[in-house]
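Per chain, numbering begins at 1; letters A, B, ... match sequence-line order.
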Amino acid sequence: MEEKNFFDKVYEVAKQIPYGRVTSYGAIAKYLGAARSARMVGWAMNNSLTKDVPAHRVVNRVGVLTGKHHFDGSNIMQQLLENEGIPVKENQIVDFQKYFWDPALEL
DNA sequence: GCGGTGACCAGCG
DNA sequence: GCGCTGGCCACCG
């Protein structure tokens with residue numbers, strides 16, 4: 001029961017991302033105990049797009065909206081982040097480290 | 001049932 | 001200092 005798959009864990013963590021905060025694939029992967037599996041985290045986000053998971057709050061380790069291309073429009077991901085008070089410039093989050101939320105650190 | 005792929009990250013040359 | 005390769009697990013064809 002508690003032993004969910006990697007995907008399910010990613011969904012749970014992504015859902016726990018607080019408002020106005022962002023995290024990285026590596027942070028989630030590391031929290032799950034597999035920092036080297038960050039690739040799969042991104043793939044999980046791809047499936048999370050059809051779920052209630054705020055995938056727009058998840059970016060790479062440098063704060064770049066790598067997955068924006070997977071959203072409906074082109075700047076949808078950026079609009080969502082700015083709507084939460086997170087400044088985004090050139091598909092990159094400004095002061096990313098300031099808004100960075102580490103699940104392994106706060107959970 | 002098997003092989004390839006995927007929104008990445010970190011180490012090594 | 002920069003560039004490339006390896007690694008991890010689940011889903012798609």
Side-chain angles (χ1 to χ4, degrees):
Chain A
M1 302 295 271
E2 281 73 27
E3 305 229 347
K4 300 177 186 175
N5 291 335
F6 235 90
F7 269 49
D8 291 335
K9 288 182 179 178
V10 174
Y11 301 148
E12 290 296 314
V13 177
K15 286 181 184 176
Q16 291 178 61
I17 300 174
Y19 180 88
R21 293 289 168 122
V22 290
T23 187
S24 61
Y25 305 98
I28 296 174
K30 187 173 185 176
Y31 175 72
L32 298 179
R36 289 303 189 70
S37 303
R39 293 200 303 186
M40 190 184 73
V41 178
W43 193 244
M45 290 287 108
N46 191 3
N47 280 268
S48 72
L49 288 173
T50 58
K51 303 185 183 308
D52 297 333
V53 178
H56 62 274
R57 291 180 188 162
V58 184
V59 295
N60 65 356
R61 71 174 190 87
V62 293
V64 178
L65 283 57
T66 50
K68 73 172 171 114
H69 192 69
H70 285 268
F71 282 78
D72 285 339
S74 304
N75 59 337
I76 301 298
M77 194 171 180
Q78 180 174 340
Q79 291 295 313
L80 288 171
L81 291 172
E82 289 182 337
N83 188 29
E84 297 189 357
I86 302 173
V88 179
K89 179 120 183 162
E90 295 287 307
N91 299 331
Q92 186 171 1
I93 298 175
V94 181
D95 295 333
F96 169 65
Q97 211 168 51
K98 187 166 79 174
Y99 297 102
F100 182 67
W101 177 78
D102 192 342
L105 195 71
E106 304 207 20
L107 291 183

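- Across all strands shown, A/A55 has heavy atoms under 4.0 Å from base atoms, whether or not it also approaches the sugar-phosphate.
- Not a single donor-acceptor pair under 3.5 Å links the side chain of A/S48 to the backbone N or O of A/Y11.
- To the nearest angstrom, P of B/dC8 lies 23 Å from OH of A/Y31.
- One interatomic measurement links the two molecules: NZ of A/K68 to C1' of B/dA7, which rounds to 12 Å at whole-angstrom precision.
- Only at 4.0 angstrom or more do the heavy atoms of residues 88-107 of chain A sit from any atom of DNA chain B, so none qualifies.
- For A/R61 (side chain) and A/G26 (main-chain N/O), no donor-acceptor pair under 3.5 Å exists by modelled atom type.
- At least one donor-acceptor pair under 3.5 Å links the side chain of A/Q16 to the backbone N or O of A/E12.
- Contact annotation: the side chain of A/T23 approaches that of A/P103 to within less than 4.5 Å [non-hydrogen atoms, C-beta and beyond].
- Atom CD1 in A/I28 sits roughly 15 Å away from atom C1' in B/dG6 (whole-Å rounding).
- Within the 4.0 angstrom heavy-atom criterion, base atoms lie near A/L49.
- The side chain of A/M40 has B/dG6 as its nearest neighbour among C/dC11, B/dG6, B/dA10.
- Contact annotation: the side chain of A/Y31 never approaches that of A/I28 to less than 4.5 Å [non-hydrogen atoms, C-beta and beyond].
- Comparing A/A38 and A/N47 along DNA chain C, the residue whose closest nucleotide (by nearest heavy atom) sits nearer the 5' end is A/A38.
- A/F6 has its CZ atom 14 Å from the P atom of B/dC9, to the nearest Å.
- At a threshold of 4.0 angstrom between heavy atoms, the contacts of A/R39 include nucleobase atoms, whether or not backbone atoms are also involved.
- When the C1' atom of B/dG11 is taken as reference, atom CZ of A/R61 falls 12 Å away, rounded to whole Å.
- The side chain of A/M77 approaches B/dA7 more closely than any other nucleotide in the set B/dC9, C/dC8, B/dA7.
- Using a 4.5 Å cut-off on side-chain heavy atoms (C-beta onward), A/L107 and A/W101 make contact.
- Where A/A44 and A/R36 each meet DNA chain B at their nearest nucleotide, the meeting point lying more 5' is that of A/A44.
- Using a 4.0 Å heavy-atom criterion, one finds that A/N60 contacts the sugar-phosphate atoms exclusively.
- Closest approach to the A/W43 side chain among C/dC11, B/dC9, B/dC8 is made by C/dC11 (side chain taken as heavy atoms from C-beta onward).
- For the pair A/L81/A/Y99, no side-chain contact is recorded, criterion being any heavy-atom separation below 4.5 Å from C-beta on.
- Residues A/I86 and A/L80 fail the side-chain proximity criterion, which asks for heavy atoms closer than 4.5 Å.
- Atom pair A/M45:CE and C/dC9:P shows a separation of 18 Å (rounding to whole Å applied).
- Atom-to-atom, OH of A/Y11 to P of C/dA10 comes out at 11 Å; the value is rounded to the nearest Å.
- In this structure, CG of A/D72 is placed 15 Å from C1' of B/dA7, rounded to the nearest angstrom.
- Of all nucleotides listed (B/dA7, C/dC11, C/dC9), C/dC11 comes nearest to the side chain of A/F7.
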